[in-house]
Amino acid sequence: MTVEPVLSSVAVWTCAGVWANAAPTGQGRGADLNSWSEAPSLSAIHPRARRPHALAVALVQLAHVLLTAREVATDAPSFKRQEVDLLLGTLTGSSAADFEFWSGIQKRGAAFGLPSTFVYTLPTAALAEIALALGVRGSLSTLTAGTISGIASIARSASRVSMSRARACICGGVEFARASDRRASNLFEQDTIALFLVEAGAASTHWPVVRDWQLGFAPEEPHRVSGTPPLSTLTALASAAVRLGTSSGIEHVFASSSDGHWARITLASSQHVDRQLEPD
Amino acid sequence: MGTTKGALELAVDRWDCGEVPRDDILGAPGRTLALATGTLGPVLTLSAACASSAVAIGEALALIEDGLCDEAIVGGTDALHSFVYRGFHALKALSAAPAAPFDAGRSGLSLGEGAVVLVMEALEHAEGAGRAPIAIVEGFGSSTDGFDQLAPEPTGAGLVRACRRAMEHATVDAKAVDRYHAHGTATVQNDRMEAIAHAALFSGCAVPVCAVKGSIGHTLGAAGALDVAICALTLQRQVLPPVANLRQVDPMACVPAVVGVARSDRGSLALAVSAGFGGINAALLLRNPKVIQ
């Protein structure tokens, strides 16, 4: 028995700004995340935090906004954070922390690596900070599939929810390559965090349904040579989700990477689903 | 593919030259394997600390159960790069002596290096092709402690939750489990947590405990799949391998471990577990297909 997965909350942070359940706009300039003056304070949402890495701080802040936006939905089914999985796509992984740890060793000597930095050289460390701060207790991992990592994580999360392997899943993309005044990776031009909450939902809510998802690998196909810019794909999906929350229709988002990964996600508005379910 | 650092040496080489990497560091091993084998299905790299390749097996199981793949090549890899060694040195987690899981005199973990590749396929697909399975992956479960970045939740509640999810997936009861293949890092915190989790899962029953990190060290992202491979083969051969370097079980981590020599065992169902940094837990249930229930 399959369950219809819905997109119940979206939060995006790019160099152009921060959006929660709103369509991202503007291109922004520079590689770093935009300064967020109204960001929730870490001490308020994560009292046990001990100077986490900058990526972890940003991720916890945005995940807090994502879950809070979901929890204010009064007409929605009950929601338990401890049942939520975390599956975030990333290409750069922990490269910023890796570079910091490596730089520290170069400066201080091989035997004097900083343990507090080494902890964050796992791609999952920042996600674990979300679990610590926000009470998420489901499965936790990152997923890498070239520049479509974020979209691929949404596809796999939809599959988990659909097959009842998870009640809900925080998914999307996180790329962070900033390391003080240097960048640790040139895989992404701009730092990005785009979080989506996929959960088992009723089609009667206004949330868009994840109707279909496909993933594959086709390194020989010529049309995939250039690939799709990952930030544009994630913001396109966020915009589609917001649009379908207020209007009827169906939207497809396709992403491909220059090394052969591809993914396609189809969203449908709940009104569209309702109409299809009505008897002739 | 499960990995914690992927092809980290590619990044370090660039940094050493004052350059910025443009390589897909995490995904490089999986993508290389995909190109070598000509696969056209999804090529996914999972990272979940020391449970990475166990989680990758769980994802492969999901792809097969979803009908997206008939077969999946799944595995784990992590190189013992000096970067990693220096990090574990900084954490003061390394033992000067070889790792001795669950031993009263243990002093920490030994890092290892390894890679493992398994072929998973739907049972009907294997039988249709005339292939006899080594083991049947009956269930997978995963959870997060949400307790600490480095230390496991001391009551083992998170690990128990992952194991129970695997058993629910397989619709089997803990009483049916014949062996427990431990994560067994030989750190005090891990071993004691696993002993408590074992007691809670099996209600104090003496389900035998195996662990391989005393023999091969902790292979980090490869460890989960390596544990599954060894567990599957020993299950098939109906043998319980001893825990290397274990002489006297720590009374504070008292588990019914296999000590000294291997012994025969006709049990059919094994629970293989992983517990990584960040409180990430994973459990896989394996069955010997040749043992009649």
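So that the names make sense, note that chain A is the first sequence line, chain B the second, and so on, each numbered from 1. Note that the structure is a prediction, hence the values are computed from the model and not measured.
Looking at heavy atoms from C-beta onward, L46(B) lies in side-chain contact with L87(A) at the 4.5 angstrom threshold. Q214(A) is not listed as a side-chain neighbour of L68(B), based on a closest heavy-atom distance of 4.5 Å or more. Considering only heavy atoms from C-beta on, P123(A) comes within 4.5 Å of L26(B) through its side chain. Put simply, the side chain of R31(B) reaches to within 4.5 Å of the side chain of F217(A), judged on heavy atoms. The shortest distance between side-chain heavy atoms of D98(A) and F83(B) falls below 4.5 Å. The closest side-chain heavy-atom distance from L122(A) to Q149(B) is not below 4.5 Å.
Of all the heavy atoms in L132(A) and D148(B), the pair that sits closest is CD2-N, 3.6 Å. The nearest pair of heavy atoms linking R183(A) to V20(B) is O-CG1, 3.5 Å. The nearest pair of heavy atoms linking L91(B) to F118(A) is CD1-CD2, 3.7 Å. Closest non-hydrogen pair, T124(A) versus A48(B), comes out as CG2-CA, 3.8 Å. Here the closest non-hydrogen pair linking S94(A) and K5(B) is OG-NZ, 3.2 Å.
The parts of V43(B) that come within reach of chain A are both its backbone and its side chain, each placing non-hydrogen atoms under 4.5 angstrom from that chain. For a residue to count as touching a neighbouring chain, one of its non-hydrogen atoms must lie under 4.5 Å from one of that chain's; by this rule D145(B) touches chain A with the backbone only. Both the backbone and the side chain of F88(B) come within contact range of chain A, judged by heavy atoms closer than 4.5 Å. Contact of A62(B) with chain A is made through backbone and side chain together, with heavy-atom distances under 4.5 Å. Heavy-atom distances place the side chain of L150(B), and not its backbone, under 4.5 Å from chain A.
Between the R165(A) side chain and the H169(B) main chain, no donor and acceptor come within less than 3.5 Å of each other. Between the side chain of T144(B) and the main chain of G138(A), a donor-acceptor pair closer than 3.5 Å is present.
Each of T142(A), L88(A), L127(A) was scored for a side chain to side chain contact (heavy atoms under 4.5 Å, CB included) with S47(B), with one residue passing: T142(A).
The 12-atom threshold is not exceeded at CZ of R22(B), counting heavy atoms of other residues, nucleotides or ligands nearer than 6.0 Å. The environment of CZ in R51(A) is sparse: at most 12 heavy-atom neighbours from other residues, nucleotides or ligands sit within 6.0 Å. Few gaps surround CD on E65(B); more than 12 heavy atoms of other groups in view lie less than 6.0 Å from it.
Relative orientation of the W15(B) and W102(A) rings is tilted, given thresholds of 30° and 60° on the angle between their planes.
Contact tally against chain B (heavy-atom pairs below 4.5 Å) for L143(A), L86(A), L114(A): the top residue is L143(A). Here S139(A) is the residue among S139(A), S141(A), P52(A) with the most heavy-atom pairs under 4.5 Å with chain B.
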